[in-house]
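First the structure, in the form of structure tokens, and then the observations on it.
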Amino acid sequence: MNPEVLLAHFNRISEAPDAVPRLRRFILELAVRGKLVQQDSTDEPASELLNAIQAEKVRLLREGEIKKLEAFEPVTANDIPFPIPRSWEAIRMGCLARKLGAGSTPLGGKTVYQKEGVPFLRSQNIYDRGLRLDDVALISRAMHDKMSGTHIRQNDILLNITGASIGRCSLVPATFTEGNVSQHVAIIRLFFPAIREFIHMSLISPFFQKVIDDVQVGVSREGLSMQRLRLFPMLLPPLAEQHRIVTRVNELMGLCDRLERGFKEQEDRRDRLAGASFYRLKNGANAEDFRNYARFHLNHLSRLVTRTEHISEFRRTIINLAVRGKIVPQDSNDVPVSELLGRIRAEKADLIGAAAQEREDKESRLSAEDIPFDLPSSWRWEPLQSVIVFGPQNGISPKPSLRPDAPRAVTLTATTKGTFDSRYFKRVDAAIPQESEFWLRPGDLLFQRGNTREYVGMAAYYSGEPGLFLYPDLMIKVRLSEKVNLRYIHLCALAPHARTYFSTHASGAQATMPKINQGVLVKLPIPLAPFTEQIRIVAKVDELMILCDQLEAQLTSTQSEKQSLLEAVLFHALNDSHRETDKNFAVQA
């Protein structure tokens, strides 16, 4: 398969993850290997180009423009790990560059910037596809003149040499009048400006970006020294072939732009359609409207859900609808919530006494401001405290232990996703009696007492064997009455209104880990449905979550297939392109 065939069939793989950026890198990789355009035997070989560069050096030396002619070690096969055409040459960057040096920072740093003056280019202005001057700093004319050694000229190449943007590279356009450059950017000024576009293209190619990454210096590996840059192994095709390569690269990058725009427009349309559908699901005016929207959404789910973010949003929507009474119909034959609450109060009175129960009810009573939305007439808003028969109780914080038989205490990660994951625990130094409530038992509901604002209050229930795990101080445990459905209450604790409640009410000195207390927890507003409806809701949620799982697996499989196809296509295009002319290739010593 050659590059033309790849591009002709690119629509088949264009939705693979990172497809267009990878195509851009692939085009540049073909270009620097001499596989993007055909070699022409009538081209003047690159050796003649080197002779012309050498002649220019001699002229500049004679006229005093440069001080000496510097010799460099030849490029070897170890420097270039792939064959190049025989008409090409491999040479060190220092042989091609008349000027190769980092910029400088004026005394005073940012304090010397002003509203008018000479552009002072920094790393944030340097991008592979051109300079970005919207936020360019300006320095005075006097400061610019004082920094004469770092003046920028038209057709210079600017290369970021420090920080996260290291390796980004721009051509200074012919329309650029004057400017200066910071110490985080290197100026590359060539003896022979006609080769600048190919050199720039080479520097941003995957091969040379890896060279840049491999030769960074410093403890933090964030800087590229000028001496290392001078020794870069550069590839030089015949000048006529360079022009053909650059023209072809520009054409193909234009194609990538169109592919990228088309893909973004397609994704935007899908996002708008999915967003509109989710909005209608959440905001149906009445039960009949909701049923129509839900039917439409489920019938077109495979078209609406095209990314993992859509599936996550659909899961949240399912839970949100479930706790609003919109996911299954109400049944007038269900035992009303008032009777359900009466049974729970009687149960709690037997456990803790009527006086204690009255005190709990008073402390956790909800006000009108606590009610986030309206419920079906057969439902009631109740604080979590109304359905708790044990707790709330914070966990413990014993010291870690290296003993392999030491007790296990779950970590926050075990419940961060809203489900209990027994893989996340640590061994601790603790002697806790088996009858202690610090051991988890089936049916225990855990809330994260402290975490980031996004996860504080996250809930998960334990359904494993008793006595296997302790729980930590950063979790609060409660146990619910058996007269409510544990899984339904868990859904209420994961619903958007609950996540907003915990995030809003979390506080503490540490901004990175706000906390909730037991008083906040027990006042969590619960949209309490009749018990039999709770069971129907959980069953319907399970059914829809299985559908989400299937869609997620299908989407992952599809993306994996596209990724594998992309990998295979790029591999064969890179290794098979121009195979008929490979006999003309050789590594230049």
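Hydrogens, waters and symmetry mates are skipped; everything else that's a heavy atom, side chains included, is used. Note that the structure is a prediction, hence the values are computed from the model and not measured.
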Tell me whether the count of non-hydrogen atoms from other residues, nucleotides or ligands lying under 6.0 Å of [atom1] in [X] goes above 12.
{"X": "Lys426", "atom1": "NZ", "value": "no"}
{"X": "Glu73", "atom1": "CD", "value": "no"}
{"X": "Phe208", "atom1": "CZ", "value": "yes"}
{"X": "Glu63", "atom1": "CD", "value": "yes"}

- prompt: Side chains of Glu197 and Gln242: do they bring a donor and an acceptor to under 3.5 Å?
  reply: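 Glu197 vs Gln242: no donor-acceptor pair found between side chains.
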
message: Any donor-acceptor pair under 3.5 Å linking the side-chain atoms of Asn250 with those of Thr247?
response: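 Their side chains do not contain a donor-acceptor pair, so the 3.5 Å distance test is not met.
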
Is the side chain of [X] donor-acceptor paired with the backbone N or O of [Y] at a distance under 3.5 Å, no angle test?
{"X": "Gln209", "Y": "Leu203", "result": "yes"}
{"X": "Arg98", "Y": "Arg189", "result": "no"}
{"X": "Lys110", "Y": "Ala137", "result": "no"}
{"X": "Asn180", "Y": "Met147", "result": "yes"}
{"X": "Arg453", "Y": "Ser503", "result": "yes"}
{"X": "Arg122", "Y": "Ser182", "result": "no"}

query: With a cut-off of under 6.0 Å to the ring centre and 45° to the axis, is Arg92 in cation-pi contact with Phe72?
result: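 No; the conditions do not both hold, so Arg92 does not lie above the ring face of Phe72.
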
Heavy-atom pair of closest approach, residues [X] and [Y]:
{"X": "Ala31", "Y": "Ile245", "result": "CB-CG2, 3.7 Å"}
{"X": "Ala97", "Y": "Phe191", "result": "O-CE1, 3.3 Å"}
{"X": "Ala460", "Y": "Thr419", "result": "CB-C, 3.7 Å"}
{"X": "Ile27", "Y": "Cys256", "result": "CD1-SG, 3.8 Å"}
{"X": "Pro233", "Y": "Asp79", "result": "CB-CB, 3.9 Å"}

From [X] atom [atom1] to [Y] atom [atom2], the distance as rounded to the nearest 0.5 Å:
{"X": "Leu412", "Y": "Tyr455", "atom1": "CG", "atom2": "OH", "value": "12.0 Å"}
{"X": "Leu235", "Y": "Glu89", "atom1": "CG", "atom2": "CD", "value": "10.5 Å"}
{"X": "Arg230", "Y": "Glu70", "atom1": "CZ", "atom2": "CD", "value": "4.0 Å"}
{"X": "Leu28", "Y": "Leu23", "atom1": "CG", "atom2": "CG", "value": "9.5 Å"}
{"X": "Ile187", "Y": "Thr150", "atom1": "CD1", "atom2": "OG1", "value": "6.0 Å"}
{"X": "Ser202", "Y": "Met234", "atom1": "OG", "atom2": "CE", "value": "5.0 Å"}

- prompt: In terms of ring plane angle, is the pair His151 and His144 parallel, tilted or perpendicular, where the classes change at 30° and 60°?
  reply: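 Plane angle under 30°, so parallel.
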
So, [X] and [Y], do they make that salt bridge, N to O below 4.0 Å?
{"X": "Arg228", "Y": "Asp214", "value": "no"}
{"X": "Asp128", "Y": "Arg24", "value": "no"}
{"X": "Glu29", "Y": "Arg33", "value": "yes"}

- request: Starting from the C-alpha separation in whole Å, work towards a yes-or-no answer on side-chain contact (heavy atoms from CB on, under 4.5 Å) for Val112 and Leu107.
  value: CA-CA 8 Å; Val112 304; Leu107 292 175; over 6 Å; no

Side-chain contact, heavy-atom cut-off 4.5 Å: [X] with [Y]?
{"X": "Val185", "Y": "Leu121", "result": "no"}
{"X": "Phe120", "Y": "Met143", "result": "no"}
{"X": "Ile161", "Y": "Met226", "result": "yes"}
{"X": "Ile80", "Y": "Trp88", "result": "no"}
{"X": "Lys515", "Y": "Val456", "result": "no"}
{"X": "Leu133", "Y": "Pro119", "result": "no"}
{"X": "Leu224", "Y": "Ile166", "result": "yes"}
{"X": "Asp135", "Y": "Asn125", "result": "yes"}

- prompt: Do Leu252 and Leu36 pass the side-chain contact (heavy atoms from CB on, under 4.5 Å) test, and can you show the C-alpha distance, the side-chain angles, and the key distance before you say yes or no?
  reply: CA-CA 10 Å; Leu252 295 177; Leu36 192 63; 3.8 Å; yes

query: Going through the distances and angles, do Gln39 and Glu241 end up as a side-chain contact (heavy atoms from CB on, under 4.5 Å)?
result: CA-CA 7 Å; Gln39 281 70 55; Glu241 186 177 344; 2.7 Å; yes

message: Is there a side-chain hydrogen bond (donor to acceptor under 3.5 Å, both in side chains) between Gln114 and Ser140? Walk through the geometry before answering.
response: CA-CA 7 Å; Gln114 51 189 44; Ser140 68; 4.8 Å; no

message: Among Leu171, Ile188, Ile152, exactly one meets side-chain contact (heavy atoms from CB on, under 4.5 Å) together with Leu158. Which residue is that?
response: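 It is Ile152, the one option of Leu171, Ile188, Ile152 that forms the side-chain contact (heavy atoms from CB on, under 4.5 Å) with Leu158.
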
Residues in side-chain contact (heavy atoms from CB on, under 4.5 Å) contact with Arg132, at least two apart in sequence or another chain: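 Only Tyr127 meet the side-chain contact (heavy atoms from CB on, under 4.5 Å) criterion with Arg132.
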
- request: I would like to know whether Arg499 and Met458 meet side-chain contact (heavy atoms from CB on, under 4.5 Å); could you show each step before the answer?
  value: CA-CA 8 Å; Arg499 301 302 313 134; Met458 184 59 74; 4.0 Å; yes

Which donor-acceptor pairs under 3.5 Å do the side chains of residues 42-54 make with protein atoms, sequence neighbours left out?
residue: Thr42; atom: OG1; partner: Asp40; partner atom: OD1; Å: 2.7
residue: Thr42; atom: OG1; partner: Asp40; partner atom: OD2; Å: 3.3
residue: Asp43; atom: OD1; partner: Arg244; partner atom: NH1; Å: 3.4
residue: Asp43; atom: OD2; partner: Arg244; partner atom: NH1; Å: 3.1
residue: Asp43; atom: OD2; partner: Arg244; partner atom: NH2; Å: 2.8
residue: Asn51; atom: ND2; partner: Ser47; partner atom: O; Å: 3.4

task: List the steps, then state whether salt bridge (Lys or Arg N to Asp or Glu O under 4.0 Å) holds for Arg315 with Asp549.
output: CA-CA 10 Å; Arg315 291 185 191 276; Asp549 292 341; 2.8 Å; yes

